[in-house]
Amino acid sequence: MNKNNHFHLLGAVIATGILSFSGVLIETAMNVTFPTLINEFGLSTSKIQWVTTIYLLVIAITIPLSSYFNERFSARKLFLVANLIFLVGVLTNCFSPNFAMLLFGRLLQGVGTGIGLPLVVISLVLGLACLPREGAKTPKKLALRPVIALSIMFFAFISALSAEHLMTFALLFIVGLVGAFLFVQFNRKESLIDLGILKNHRFVALIFSLLVYQALLLGLSFVLPSFIQVSAGFSSSVAGLFMFPGALIGAVLAPISGKVLDQIGARKPITTGLILAALGLALLFVFLPTKSLALLLVAHIVLMLGLGISYSNLMTCSLSTLATDQLSDGNALVNTLQQFIGAVATAVVATTLSIFQGLNGFKVGTSHGTSIILALFFILIIVSLIVSFPNLKKIRANH
């Protein structure tokens, strides 16, 4: 009996892992195709970025609903729905005749990933075989008004960042502010996420650094493949392979860095990681004009070493500042903000590239825009180091 339970647990974990991996793969792999999509649909960089942005925004909106879904439906049903929606999204993308259908497919993928987050055919079969059948659950009221306000806020702010005219930007930004105000008001009456955790200054400081990392990861996964293809003249395959070593290093270091945290505390590994990330960004900025893949790869590996050492530890330390009864809301808020900031970073990077491409031409503009983006990310990393350092010291003392 124990062996059977172990098999079911292992299978369920593997199935969920495959779904999550598929979501991450779809999230980042599409960025490599942006130059091709720009030529295919005849759109600007600021418009084509919605392929990634809409995916991240839908996940950001779906994640806060996870507690409602978990209490309303069984894990088996949620897993089935998440897989089917994700699969339909992938098939829609495969046969999209136009950009609108491509975006619709990405939206479906975002819903599927958002539901299944806390290929795909294997995940579906394995999950249904291993996840247990559960009885009916107690219905829970859906906090609909906060969800609607949150959706308005997210989409308005991202649309503002992608706007091509100042008046459009101002109008959308105002709509976003109204959505934010309504969300706070509605959330007090129909709690979706306990915003009281934001009164914890240590939590906020560490989350700021974590979100800088998230912006860095998503922003660079957009701009570097574009630079390698458009400005350096390499193929999309080369651009994809360029990103692989850094991603592998980040994945390998994540569990190792957790053990280091347990042994020596938070301050040294996270500070070291932030410094390495800053160094990697500086090297990317310096090596960019050479268009040398070897030099750029070295710089990217240094950057990802820094992220691998400190990224997961920042999340662990930020959540450790919360009380036990706040962890559920803390997780929901962190995961939601990660997706939203990823969408913001993608929109800002795409708009920056579009501006420079319009001023200097597609090839030269991409190069100049990439340099500016790297400089901005370097500043953000330095600021996050300054903000997080005193709070890491406190955590280490309590460790």
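Heads up: numbering here begins at 1 and tracks the sequence.
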**Student:** Does any part of the side chain of Leu276, heavy atoms only, come nearer than 4.5 Å to the side chain of Leu307, both counted from C-beta?
**Tutor:** no

**Student:** How far apart are the C-alpha atoms of Phe157 and Val344, what are their side-chain angles, what is the distance that settles it, and do they pass the side-chain contact (heavy atoms from CB on, under 4.5 Å) test?
**Tutor:** CA-CA 8 Å; Phe157 280 144; Val344 169; over 6 Å; no

**Student:** Would Ile148 and Phe186 show up in the same hydrophobic cluster when neighbours are defined by side-chain heavy atoms closer than 4.5 Å?
**Tutor:** no

**Student:** Side chains of Gln229 and Ser235: any donor to acceptor distance under 3.5 Å?
**Tutor:** no

**Student:** Decide yes or no for Ser231 and Thr370: does some side-chain heavy atom of the first lie under 4.5 Å from some side-chain heavy atom of the second?
**Tutor:** no

**Student:** Any donor and acceptor pair, going by atom type alone, linking the side chain of Asn360 with main-chain N or O of His368 inside 3.5 Å?
**Tutor:** no

**Student:** Find out whether Val147 and Ser151 are in side-chain contact, i.e. whether some heavy atom of one side chain is under 4.5 Å from a heavy atom of the other.
**Tutor:** yes

**Student:** Are Leu177 and Leu57 linked, directly or through intermediate hydrophobic residues, by side-chain heavy-atom contacts shorter than 4.5 Å (ILVMFWY only)?
**Tutor:** yes

**Student:** We want to know whether Tyr213 and Ser310 form a side-chain donor-acceptor pair, criterion being a heavy-atom distance below 3.5 angstrom.
**Tutor:** yes

**Student:** Can you name the closest pair of heavy atoms from Gln49 and Phe222 and give their distance?
**Tutor:** CB-CE1, 3.6 Å

**Student:** Does any part of the side chain of Val223, heavy atoms only, come nearer than 4.5 Å to the side chain of Thr352, both counted from C-beta?
**Tutor:** no

**Student:** Given the rule that I, L, V, M, F, W and Y join up when any side-chain heavy atoms are under 4.5 Å apart, are Ile152 and Val178 in one cluster?
**Tutor:** no

**Student:** Quick one: do the Tyr55 and Gln339 side chains pair a donor with an acceptor below 3.5 Å?
**Tutor:** no

**Student:** Distance alone, cut at 3.5 Å: any donor-acceptor contact between the side chains of Gln109 and Asn93?
**Tutor:** yes

**Student:** Which atom pair, heavy atoms only, marks the closest approach of Val334 to Met315?
**Tutor:** CG1-CE, 3.8 Å

**Student:** Would you indicate whether the side-chain heavy atoms of Leu43 and Ile38 approach each other to under 4.5 Å?
**Tutor:** no

**Student:** In sequence, state the C-alpha distance, the side-chain angles, and the governing distance for Phe173 and Leu161, and then conclude on side-chain contact (heavy atoms from CB on, under 4.5 Å).
**Tutor:** CA-CA 8 Å; Phe173 191 78; Leu161 292 173; over 6 Å; no

**Student:** Applying a strict under-4.5 Å side-chain criterion to I, L, V, M, F, W and Y, I'd like to know whether Phe378 and Leu210 cluster together.
**Tutor:** yes

**Student:** Under the criterion side-chain contact (heavy atoms from CB on, under 4.5 Å), I'd like the reasoning laid out for Phe287 against Ser292: C-alpha separation, chi angles, the key distance, then a yes or no.
**Tutor:** CA-CA 7 Å; Phe287 294 153; Ser292 168; over 6 Å; no

**Student:** The test is side-chain contact (heavy atoms from CB on, under 4.5 Å); show your working for Lys363 and Gln357 and say whether it passes.
**Tutor:** CA-CA 7 Å; Lys363 182 175 182 179; Gln357 288 166 352; over 6 Å; no

**Student:** Would you mind reporting whether Phe203 and Leu333 have side-chain heavy atoms less than 4.5 Å apart?
**Tutor:** yes

**Student:** Spell out, as yes or no, whether a donor-acceptor pair under 3.5 Å connects the side chain of Asn187 to the backbone of Phe183.
**Tutor:** no

**Student:** Are Thr52 and Arg106 close enough that some pair of their side-chain heavy atoms sits under 4.5 Å apart?
**Tutor:** yes

**Student:** Is there a continuous path of hydrophobic side-chain contacts, each under 4.5 Å between heavy atoms, that joins Val383 to Ile381?
**Tutor:** yes

**Student:** Please find the pair of heavy atoms, one from Tyr311 and one from Gln338, that lie closest to each other, and give the distance.
**Tutor:** OH-NE2, 2.6 Å

